[in-house]
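To start, the structure under review is shown below, and the notes come after it.
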Amino acid sequence: MAIQFNFVSSMLILVLLSISSVEGQGGGGGGVIDVVAKFGAKADEKTDLSKPLLDAWKEACASTSPSKIVIPKGIYFLSTTTLDGPCKAPIELQVQGTVKAPADPGAFKEPKWIAFNRIENFKLSGGGVFDGQGTTAYKREGCKGHDYCGSLPINLRFDFLTNAMIQDITTKDSKQFQANVLGCKNITFEHFTVSAPDESPNTDGIHIGRSDGVNVLNSEIKTGDDCVSIGDGSKNLVINGVTCGPRHGISIGSLGLFKNEEPVDGVTVKNCTMTNTSNGVRIKTWPGAEPGTCSNIHFEDITVTNVSSPIIIDQKYCPWNK
Ligand SMILES: *[C@@H]1O[C@H](CO)[C@@H](O)[C@H](O)[C@H]1NC(C)=O
Ligand SMILES: *[C@@H]1O[C@H](CO)[C@@H](O)[C@H](O)[C@H]1NC(C)=O
Ligand SMILES: *[C@@H]1O[C@H](CO)[C@@H](O)[C@H](O)[C@H]1NC(C)=O
Ligand SMILES: *[C@@H]1O[C@H](CO)[C@@H](O)[C@H](O)[C@H]1NC(C)=O
């Protein structure tokens, strides 16, 4: 009887200890940081989320134990932000709400809305939505000219990230590319949803360049331009379980358009479905002075429905491996 009592009371102490250690994490750096509860963010669609988010980011990034920033359910307005590393420990941004961009393209000084820069062990999650409010930009004249399009903001930039996971996130109605991956090592998009009307110009779903180890898995991409576009210097890419359409399919290139381009090496596209697109899978290069090259390209198990050109290779310089 006495032994049993001791056993129960020591269980109780263990439970109390573990509760207090969870609370301790929240206070002393790391743990869960709620931008509304802790930094006064407001889900009223007009108060700028930029400062509360940056304050939360500074605290999380300086923490020596893993931390998670939460943007709770609700609709927020965010003018623009760049969240910079390096951070001292793994960091997660959990977006449960909808975050809206300024509708006016003139509100942006740089061609980006939200950028994640030089972070290791980063996760973006939560089922939330990034709404670029691009419909006003689509209506503007002149987006066929590259310069005007290029000056419009990209919804989500992932620059120089190492070991990153982007999971259960939606990006919609970007004014330019929906997501751009540059200089990353080991980044995975899973259950990533892209949506924009098919008449939205230059809104590539995910554009990848100069990155090693990019996975795009089980994702749905409906947008006005390429579903996934792969630029120079991309290595070891796997695109599996992606649904594309309308507009274009998955494109490697354009390659060879600029000087000093790096080759594309190792792209596997499998188990993908394209519906109502002009192309399925495409390799496009320009036969310029410095031809773009690509190798180890595998396309397999791709289902196309109502696609004008299921496979196109429109250049001279690509060694076609499979
Ligand atoms: C790649 O990144 C993921 C996090 O998204 C991590 O779990 C995994 O261990 C990393 N892989 C390598 C080889 O570092
Ligand atoms: C094929 O893609 C679907 C999503 O479209 C996914 O659920 C399934 O697991 C994938 N199959 C394989 C063998 O990877
Ligand atoms: C095929 O796709 C085009 C858009 O690329 C669309 O206009 C057309 O209605 C589609 N046809 C069918 C039969 O789904
Ligand atoms: C393809 O286009 C047809 C006709 O516009 C439309 O009914 C159908 O829903 C589209 N399919 C997809 C998967 O978008």
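Since this is a predicted model, take the numbers as computed values, not measurements. Read the numbers this way: they start at 1 and go in the same order the structure lists the ligands and their atoms.
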Identity and separation of the nearest protein heavy atom to atom 9 (O) of ligand 1: Asn186 ND2, 4.9 Å
For atom 4 (C) of ligand 4, the protein heavy atom that lies nearest, with its residue and separation: Asn276 ND2, 4.5 Å
Per-atom contacts, ligand 1 versus Met165 - under 4.0 Å to a heavy atom: 5 (O)
Ligand-residue contact atoms, ligand 1 with Ala164, heavy atoms, under 4.0 Å: 5 (O)
Of Ser251, Ser229, Ser234, the residue whose pairing with His207 passes side chain to side chain donor-acceptor pair (under 3.5 Å): Ser229
Sub-3.5 Å N/O-N/O distance, Asn271 and ligand 2: yes
salt_bridge(Asp44, Lys42) N-O dist < 4.0 Å: no
Salt-bridge contact Asp159-Arg118 (side-chain N to carboxylate O under 4.0 Å): no
Test: Cys87-Cys61 SG spacing under 2.5 Å: yes
Glu92-Ser125 side chain donor-acceptor pair, cut-off 3.5 Å: yes
Indicate whether [atom] is within a distance of less than 4.0 angstrom of some protein heavy atom.
| atom | answer |
| --- | --- |
| atom 7 (O) of ligand 4 | no |
| atom 2 (O) of ligand 4 | yes |
| atom 14 (O) of ligand 4 | yes |

Residue Thr275 vicinity, atoms of ligand 4 by number, heavy atom under 4.0 Å: 11 (N), 12 (C), 13 (C)
Location of contacts on Thr273 toward ligand 2, heavy atoms closer than 4.0 Å: neither
Asn240: numbered ligand 2 atoms lying under 4.0 Å from its heavy atoms: 14 (O)
Numbered atoms of ligand 2 (with element) below 4.0 Å of Gly241, judged on heavy atoms: 2 (O), 4 (C), 5 (O)
Ser200 backbone acceptor or donor facing Thr203 side chain under 3.5 Å: yes
Cluster overlap Phe189 with Ile154, hydrophobic side-chain contacts below 4.5 Å: no
Single-linkage hydrophobic cluster Phe299~Ile230, side-chain heavy atoms < 4.5 angstrom: yes
